[in-house]
Colleague: 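What follows is a structure written as structure tokens; I'll ask about it next.
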Amino acid sequence: MAADRVAIFAIPAESANGATEAPLLRKELERAQRVASGQIGAQDLDWLSKGFSAFLANGGALPLERCLRLPGRDGALRRECRDYWLRSAWKMTGGDLSPWCRSEMLAVEVRTFAARQWVRWRTLQSVPPDASELETALFHAFRAYERIPVTAMQLHNIAHHRRHS
């Protein structure tokens with residue numbers, strides 16, 4: 001599962017009105033994960049080609065991250081990466097349960113992880129080899145951004161790509 005342990009992310013830049021397009025965001029994060037893990041498909045190559053073409057066509061005047069539809073601010077990238085991993089964890093939680101019950105279950109998992117695993121793992125640079133898929137997702141979420149939502153409502157909003165403060 002080495003590809004699942006890659007912690008390099010890409011996300012689209014915010015639109016002119018400041019809102020991020022949730023479906024595009026998810027698509028771009030998944031694309032960046034594939035590229036970072038070496039599982040590049042034809043569409044991924046097209047994305048990279050268009051981004052670098054835009055960068056070169058502007059003589060380097062536009063930042064490369066903008067040409068690839070990535071955020072320019074570190075905080076935005078880190079928050080979006082955290083949300084990506086929390087959505088991944090949400091999908092792994094509670095199989096047949098309702099979306100709300102999944103969010104409640106994930107809230108318990110996040111609090112448990114914070115109290116037990118993160119205390120021991122916070123100085124690690126990579127996920128321990130014996131970590132479960134859920135622990136891997138939570139590890140990356142915690143590494144990405146210092147503030148991790150712990151309520152079911154906050155996690156439910158993230159899982160459903162709702163903007164929140």
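Owing to the predicted nature of the structure, the values given are computational and were not obtained by experimental measurement.
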Colleague: What's the spacing between Leu155 CG and Arg87 CZ if we round to 0.5 Å?
Modeller: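 That separation rounds to 11.5 Å.
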Colleague: Heavy atoms only: give me the nearest Ala131-Thr136 pair and the separation to one decimal.
Modeller: CB-OG1, 3.9 Å
Colleague: Rounded to the nearest 0.5 Å, what separation is found between the CG atom of Asp83 and the OG atom of Ser88?
Modeller: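 Those atoms lie 11.0 Å apart.
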Colleague: Ignoring hydrogens and geometry beyond distance, is a side-chain donor-acceptor pair present between Trp100 and Glu104 at under 3.5 Å?
Modeller: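 A pair is found: one side chain offers a donor N or O, the other an acceptor, under 3.5 Å apart.
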Colleague: For a 4.5 angstrom cut-off between non-hydrogen side-chain atoms, does Trp90 reach Ser103?
Modeller: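 In contact.
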Colleague: Using modelled atom types and a 3.5 Å cut-off, is there a donor and acceptor pairing between side-chain atoms of Arg78 and backbone atoms of Ala144?
Modeller: yes
Colleague: Sequence neighbours left out, what passes ring-ring contact (aromatic ring centres under 6.0 Å, His included) with Trp118? Give chain and number order.
Modeller: Phe139, Phe142
Colleague: Measuring from atom CG of Leu134 to atom CG of Leu138, what distance do you get when rounded to the nearest 0.5 angstrom?
Modeller: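 Between atom CG of Leu134 and atom CG of Leu138 there are 4.5 Å.
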Colleague: Just list the side-chain donor-acceptor pairs under 3.5 Å for residues 105-112, sequence neighbours left out, or say none.
Modeller:
{"unit_1": "Arg111", "atom_1": "NH1", "unit_2": "Val150", "atom_2": "O", "d": "2.6"}
{"unit_1": "Thr112", "atom_1": "OG1", "unit_2": "Val108", "atom_2": "O", "d": "2.9"}

Colleague: Compare every heavy atom of Gly51 with every heavy atom of Leu64, then report the nearest pair and how far apart it is.
Modeller: CD1-O, 4.3 Å
Colleague: Using 0.5 Å steps for rounding, measure from the CD atom of Gln154 to the CZ atom of Arg147.
Modeller: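 Result: 10.0 Å between the selected atoms.
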Colleague: Under a 4.5 Å side-chain heavy-atom rule over Ile, Leu, Val, Met, Phe, Trp and Tyr, are Val127 and Tyr145 clustered together?
Modeller: no
Colleague: Distance check, rounded to the nearest 0.5 Å: Cys67 atom SG versus Leu56 atom CG?
Modeller: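 Nearest 0.5 Å value for the SG-CG distance: 8.5 Å.
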Colleague: Checking salt bridge (charged side-chain N to carboxylate O under 4.0 Å, His left out) for the pair Asp46/Lys50: CA distance, chi angles, key distance, verdict?
Modeller: CA-CA 6 Å; Asp46 186 50; Lys50 287 179 182 176; 3.3 Å; yes
Colleague: For Asp130 and Glu135, work out which heavy atoms get closest and say how close.
Modeller: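 Looking at all heavy atoms of both residues, the closest pair is O-OE1, 4.4 Å.
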Colleague: Using the ring of each side chain (for Trp, its six-membered ring), is His160 parallel, tilted or perpendicular to His156, with breaks at 30° and 60°?
Modeller: tilted
Colleague: Please report the shortest heavy-atom distance between Leu97 and Arg102, naming the atom on each side.
Modeller: O-NE, 4.1 Å
Colleague: Would you check if the distance from the ring center of Trp121 to the ring center of Phe113 is below 6.0 Å?
Modeller: yes
Colleague: Nearest 0.5 Å, what's the CZ-CD distance between Arg122 and Gln117?
Modeller: 12.5 Å
Colleague: State plainly whether one hydrophobic cluster holds both Leu45 and Trp47, where clusters connect Ile, Leu, Val, Met, Phe, Trp and Tyr through side-chain heavy atoms under 4.5 angstrom apart.
Modeller: yes
Colleague: Under the side chain to side chain donor-acceptor pair (under 3.5 Å) rule, collect the residues that match up with Arg143, sequence neighbours excluded.
Modeller: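 For Arg143 the side chain to side chain donor-acceptor pair (under 3.5 Å) partners, ignoring immediate neighbours, are Gln125.
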